[in-house]
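Down below is the structure, laid out as structure tokens.
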Protein chains: 2
Amino acid sequence: MNEIFKALNDATRREILELLKQKDLTAGEIADAFNISKPSISHHLDILKRADLITSEKKGQFIIYSINTTIMEDVLQWILTFKK
Amino acid sequence: MNEIFKALNDATRREILELLKQKDLTAGEIADAFNISKPSISHHLDILKRADLITSEKKGQFIIYSINTTIMEDVLQWILTFKK
DNA sequence: TATATATTTAGACAAATATCTAAATACTTT
DNA sequence: AAAGTATTTAGATATTTGTCTAAATATATA
């Protein structure tokens with residue numbers, strides 16, 4: 001839970017999730033969507049991955065990232081405990 | 001949204017919400033539940049309040065804090081956009 | 001095999017954050 | 001009014017975080 005909230009606590013990372021919600025993208029395509037260096041985006045992707053919010057798959061020289069919505073279920077359940 | 005995720009990105013603050021989920025508490029009662037100084041807890045309460053996750057009401061020399069679950073609805077909706 | 005492309009790792013740095021102690025503010029009680 | 005209790009504000013400090021550039025790794029292509 002800690003890792004998830006940590007990952008979600010950044011506007012850039014939340015935007016990355018919005019992008020991946022629409023379709024899978026390579027690291028480069030994600031980086032192109034922001035005014036931030038590739039290493040920084042790579043770091044954000046790492047944090048999202050550690051939180052299990054995204055997954056990655058190597059395809060040749062590219063790395064394709066996908067969103068993992070099943071983890072969102074955990075957050076959802078946590079939120080719901082407050083909605084009695 | 002930024003303020004909400006920022007507020008939720010701390011284990012102590014999430015525990016404060018868990019406590020307030022059960023019943024309203026004074027600042028002192030909340031502080032007593034943690035091994036952290038009162039000023040630090042006061043700071044956490046301030047962050048939760050800025051995010052509108054809690055409200056406060058002065059009662060004599062005490063300040064009573066309550067959870068505001070309506071804000072959780074915003075997070076819920078955000079999460080749900082990923083659960084297509 | 002040499003060069004180009006895609007991505008990450010390493011290391012540095014400034015800004016943000018969580019914590020503390022000391023002091024200030026506000027209310028209550030004697 | 002003075003002293004005690006509840007809470008916050010101020011200021012300091014160590015840690016974490018987001019960002020950068022430079023270098024390393026891995027794959028593709030000429």
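Computed from a predicted structure; not experimentally measured. By convention in this document, chain letters (A, B, ...) are assigned in the order of the sequence lines, proteins followed by strands, and residues within each chain are numbered from 1.
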Spacing between [X] atom [atom1] and [N] atom [atom2], to the nearest angstrom:
| X | N | atom1 | atom2 | result |
| --- | --- | --- | --- | --- |
| Glu3(A) | dT16(D) | CD | P | 13 Å |
| Lys59(A) | dA26(D) | NZ | P | 21 Å |
| Asn2(A) | dA18(C) | CG | P | 11 Å |
| Asp32(A) | dT5(C) | CG | P | 14 Å |
| Glu57(B) | dA6(D) | CD | P | 18 Å |
| Leu8(A) | dT17(D) | CG | P | 14 Å |
| Gln61(A) | dT8(C) | CD | P | 13 Å |
| Asn9(B) | dA16(C) | CG | P | 16 Å |

Go through the side-chain N and O atoms of Thr55(A) and Asn68(A) and say whether any donor and acceptor fall under 3.5 Å apart.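 No, because no side-chain N or O of Thr55(A) sits under 3.5 Å from a partner of the opposite role on Asn68(A).
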
Does a side chain donor of either Ser56(B) or Lys49(B) reach within less than 3.5 Å of an acceptor in the other side chain?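 Their side chains do contain a donor-acceptor pair, which is all the 3.5 Å distance test asks for.
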
Starting the side chain at C-beta, find the nucleotide from [options] nearest to [X].
| X | options | answer |
| --- | --- | --- |
| Ala27(A) | dC20(D), dA22(C), dT7(C) | dT7(C) |
| Ile63(B) | dT19(D), dT7(D), dT21(D) | dT7(D) |
| Lys38(A) | dT21(C), dG18(D), dT8(C) | dT8(C) |
| Leu45(B) | dA18(C), dT8(D), dT8(C) | dT8(D) |

For a quick check of understanding: with a heavy-atom distance under 4.0 Å over all strands, which category does [X] fall into, base, sugar-phosphate or nothing?
| X | result |
| --- | --- |
| His43(A) | base |
| Asp10(B) | sugar-phosphate |
| Tyr65(A) | sugar-phosphate |

Residue whose nearest DNA chain C nucleotide is more 5′ - Phe62(A) or Asp46(A):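 That would be Phe62(A).
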
Comparing Ile47(B) and Pro39(B) on DNA chain C - which has the more 5′ nearest nucleotide: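 The residue whose closest nucleotide sits nearer the 5' end is Ile47(B).
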
On a heavy-atom basis, which atom in Asn9(B) and which in Asn9(A) lie closest, and how many Å separate them?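 For Asn9(B) and Asn9(A), the tightest heavy-atom pair comes out as ND2-ND2, 2.9 Å.
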
I want to check one thing: is the phosphate of [N], taken as OP1 and OP2, less than 4.0 Å away from some side-chain N or O of [X]?
| X | N | value |
| --- | --- | --- |
| His44(A) | dT17(D) | no |
| Thr26(A) | dT7(C) | yes |
| Ser37(B) | dT19(C) | no |
| Ser42(A) | dT7(C) | no |
| Lys6(A) | dT17(D) | yes |

Mark yes or no for whether Thr26(B), through its side chain, and Glu29(B), through its backbone, hold a donor-acceptor pair below 3.5 Å.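 Yes.
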
Taking Arg13(B) for its side chain and Ala7(B) for its backbone only, find out whether a donor-acceptor pair lies under 3.5 Å.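 The answer is yes, because a donor-acceptor pair under 3.5 Å joins these two groups.
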
Min side-chain heavy-atom separation Glu57(A)-Ile63(A) under 4.5 Å: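 No - every pair of side-chain heavy atoms lies 4.5 Å or more apart.
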
Which is more 5' along DNA chain D, the nucleotide nearest Gly60(A) or the one nearest Ile41(A)? Just name the residue.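 On the 5' side of the pair lies Ile41(A).
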
